[in-house]
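Fair warning: this is a prediction, and the values are worked out from it, not measured in the lab. Letters go in sequence order (proteins before strands), and every chain restarts at 1.
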Protein chains: 2
Amino acid sequence: MTLKDLARELGVSTATVSNAFNRPDQLSPALRERILGEARRLGYRGPDAKARSLRTGRSRIIAVILAESLTYSLNDAVASELLSGVAEVLDAQGHTLLLLSARQMQSELPGAASMADGYIVYGLMPSQSLLETLPTQAPLVAVDFDVTGRPSIHVDDEHACYTIARHALRRATRRPGIINLRLTAEACNGPIAPDQRLLSAEQTITRSRLTGFYRALDEAGHDPAAVPMWNIEENTFEVCAPVIEPILDLPDDKRPDLLLCVSDRIALTALTLAEDRGLRIPEDLRLTGFDGIAEGQYRAPRLTTVRQDSVEKGRMAARMILGLTPPASSLLSTELLIGDSCP
Amino acid sequence: MTLKDLARELGVSTATVSNAFNRPDQLSPALRERILGEARRLGYRGPDAKARSLRTGRSRIIAVILAESLTYSLNDAVASELLSGVAEVLDAQGHTLLLLSARQMQSELPGAASMADGYIVYGLMPSQSLLETLPTQAPLVAVDFDVTGRPSIHVDDEHACYTIARHALRRATRRPGIINLRLTAEACNGPIAPDQRLLSAEQTITRSRLTGFYRALDEAGHDPAAVPMWNIEENTFEVCAPVIEPILDLPDDKRPDLLLCVSDRIALTALTLAEDRGLRIPEDLRLTGFDGIAEGQYRAPRLTTVRQDSVEKGRMAARMILGLTPPASSLLSTELLIGDSCP
DNA sequence: CTGAAAGCGCTTACAG
DNA sequence: CTGAAAGCGCTTACAG
């Protein structure tokens with residue numbers, strides 16, 4: 001049953017039926033009621049979305065492209081919050097959310113991806129070729145990295161990390177250490193060698209976080225270049241644990257007494273592993289995170305961290321993509337949460 | 001730039017260009033190469049997905065309809081795992097995932113939802129009217145509830161809960177209690193009164209879980225009808241906590257010494273709150289969960305629970321929707337994980 | 001307020 | 001192996 005069938009059935013033109021569904025002001029309320037009533041009676045569920053999208057050029061679909069695999073992103077609290085924010089705005093505007101992973105679109109867009117009316121790209125900077133496969137006219141917003149000529153949404157990573165490190169360094173600290181995430185140009189899950197090449201601040205947010213840590217360390221009289229650093233490839237317990245275990249297993253006089261972690265996931269993994277080993281938190285080891293996820297706050301000891309509002313990031317991106325807000329890069333502020341892991 | 005433009009440019013018919021992209025066997029490799037090369041050169045990115053979907057009737061989009069809000073589902077470990085499994089299969093088949101919430105489609109399908117080639121409906125049974133708005137010819141798979149005439153995917157909830165309760169009741173238990181989820185017909189966040197109406201096993205999986213608990217309780221010499229029960233409306237810390245706090249705050253001789261919880265989230269909330277109160281686990285209170293989420297296993301004390309493979313549930317649903325597997329209801333088995341919360 | 005007609009960009013039998 | 005043509009189901013200026 002198509003719109004045309006319905007029009008024939010009712011003895012009106014297809015334009016009138018279309019207007020009944022899309023432009024109530026274009027026909028009399030009485031006629032509109034008759035058309036809608038008859039449609040219901042005959043089981044016509046309204047204009048076909050595929051045909052409508054071809055005709056109007058708009059699909060009412062917004063795609064979110066996640067840098068990581070969907071499996072990772074869906075299980076990551078921060079990415080999930082971002083998606084919540086996006087979904088909230090899209091729902092309210094009658095749009096729907098298509099989920100894509102940059103991992104699966106190395107060469108070409110899968111099936112329906114090119115149908116989207118706009119793209120929100122989240123996480124690490126994807127390859128240039130991926131960005132080129134996207135329709136050029138479609139709006140695009142980058143979240144947590146930059147694409148030249150396109151608006152991007154960030155939190156104040158550097159300032160946040162400066163603030164939390166300064167807080168941590170108020171207490172006497174002998175051996176600070178930094179655990180990074182996706183910071184090195186080449187894959188590296190373990191200690192970062194001094195000569196290792198790092199991604200730029202445009203490519204990864206953790207570079208700015210490191211800059212913030214360095215500024216606070218420098219001010220506190222530590223030589224940043226002498227502070228040991230580790231890198232983690234994926235923000236999960238399984239990938240974090242093998243990097244963190246050897247750190248915690250160092251002898252008492254070598255083990256860091258402060259670990260500045262660029263994510264809550266890293267800090268929580270360190271916390272769990274430290275507890276397993278009977279280390280006292282914060283006496284033997286102080287830990288800071290980043291993100292402010294629930295899991296770090298609804299536990300004892302509570303995590304000292306920086307809260308970023310990922311839901312709001314998602315909302316902003318969605319509003320921009322839908323044109324509710326003019327496209328413009330913006331920087332959200334964060335909030336220091338002082339918990340028990342680093343009082 | 002359209003397929004037609006490209007055909008004109010090359011001096012071939014549109015059919016040939018279409019075949020170059022879709023049916024390599026229908027033209028000579030040389031011509032195909034020329035067409036694809038020229039397309040790249042001229043910036044033609046391949047056939048338009050909207051037009052193709054209208055023409056072929058298939059969009060290569062599969063919709064997952066989540067009973068709960070997207071915000072909740074995206075932050076729930078179990079739902080996220082299911083989505084991972086779905087996404088994994090869809091990706092491999094060149095399909096994409098559209099995310100919908102039953103909450104937002106009470107009356108009508110939003111924008112592009114009707115475009116999907118198939119529907120995976122997850123969680124609580126949605127209203128009949130919602131199911132009626134879906135295209136009748138499109139395949140549909142229900143996960144964790146039943147829709148008459150459609151295949152459904154379940155885990156062996158009853159057997160799993162019988163098993164874990166039997167394990168727990170091996171130790172002397174004076175005052176068992178059960179904390180349920182979305183079990184009552186009317187909203188209820190607190191104690192369940194004896195006369196309260198419960199949802200049926202077709203509507204909510206927790207009814208089958210309760211049946212399993214009851215069987216083990218009965219076998220262990222407890223009168224199930226005398227076991228106190230609570231219901232929780234949403235599987236989050238914030239909603240669980242106000243129900244659990246009063247339970248833990250009961251005097252020592254009234255407080256349950258075993259809490260059978262129908263989800264890990266509930267059990268973990270109880271665990272955290274019990275730790276806050278200085279209760280010893282498992283000496284003062286034993287706790288069991290359901291799901292086997294990472295958060296319950298990567299902590300001390302480790303949660304005693306039943307692991308269900310939600311990723312596999314998602315994969316099965318996706319395979320069925322894509323026709324890789326014949327549509328048939330199935331029941332996945334679970335695994336008892338004995339942790340420290342109820343040794 | 002209503003209707004006839006063009007056309008969105010493709011794919012696919014079908015004829016050659 | 002290639003091409004001319006129909007048509008997927010709509011929406012939208014435009015004419016009346």
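Set against dA4(D), dC10(C), dT12(D), the side chain of S18(A) has dT12(D) as its closest nucleotide. The listed nucleotides are dT2(C), dT12(D), dG7(D); the one nearest the side chain of T16(A) is dT2(C). Listed nucleotides dC10(D), dT11(C), dA4(D) differ in distance to L3(B); the shortest reach to its side chain belongs to dT11(C). Nearest nucleotide to the T14(B) side chain, out of dA4(C), dA5(D), dC10(D): dA5(D). Distance from the side chain of T2(A) is smallest for dC10(D) among the nucleotides dC10(D), dT2(C), dT12(C). Closest contact between the side chain of N22(B) and the listed nucleotides dT2(C), dG9(C), dT11(C) involves dT11(C). The side chain of L54(A) lies closest to dC8(C) when the candidates are dT2(D), dA4(C), dC8(C). Of the candidate nucleotides dG9(D), dT2(C), dC10(C), dG9(D) has the atom lying nearest to any side-chain atom of R55(A). Checked against dG9(C), dT11(C), dC10(D), the side chain of T56(B) finds its nearest nucleotide in dT11(C).
Contacts of D5(A) with the nucleic acid, taken as non-hydrogen atoms under 4.0 Å apart, are absent. Across all strands shown, F21(B) has no heavy atoms under 4.0 Å from either base or sugar-phosphate atoms.
Nearest heavy atoms, Y72(B) versus N235(B): OH-CB, 3.0 Å.
Residue R34(A) qualifies as open at atom CZ: its count of foreign heavy atoms under 6.0 Å is 12 or below.
Close to dC1(C), at under 4.0 Å from its OP1 or OP2, lies no side-chain N or O of S28(A). Taking side-chain N and O atoms only, S13(B) has no distance below 4.0 Å to OP1 or OP2 of dA4(D). A sub-4.0 Å separation between OP1 or OP2 of dT12(C) and a side-chain N or O of R23(B) is present. For dG9(C), neither phosphate oxygen OP1 nor OP2 lies less than 4.0 angstrom from any side-chain nitrogen or oxygen of Y44(B).
Between A51(B) and A15(B), the residue anchored nearer the 5' end of DNA chain D, judged by the nucleotide with its closest heavy atom, is A15(B).
Pair check for dG3(D) finds dC14(C); Watson-Crick or G-U wobble, both atom distances under 3.5 Å.
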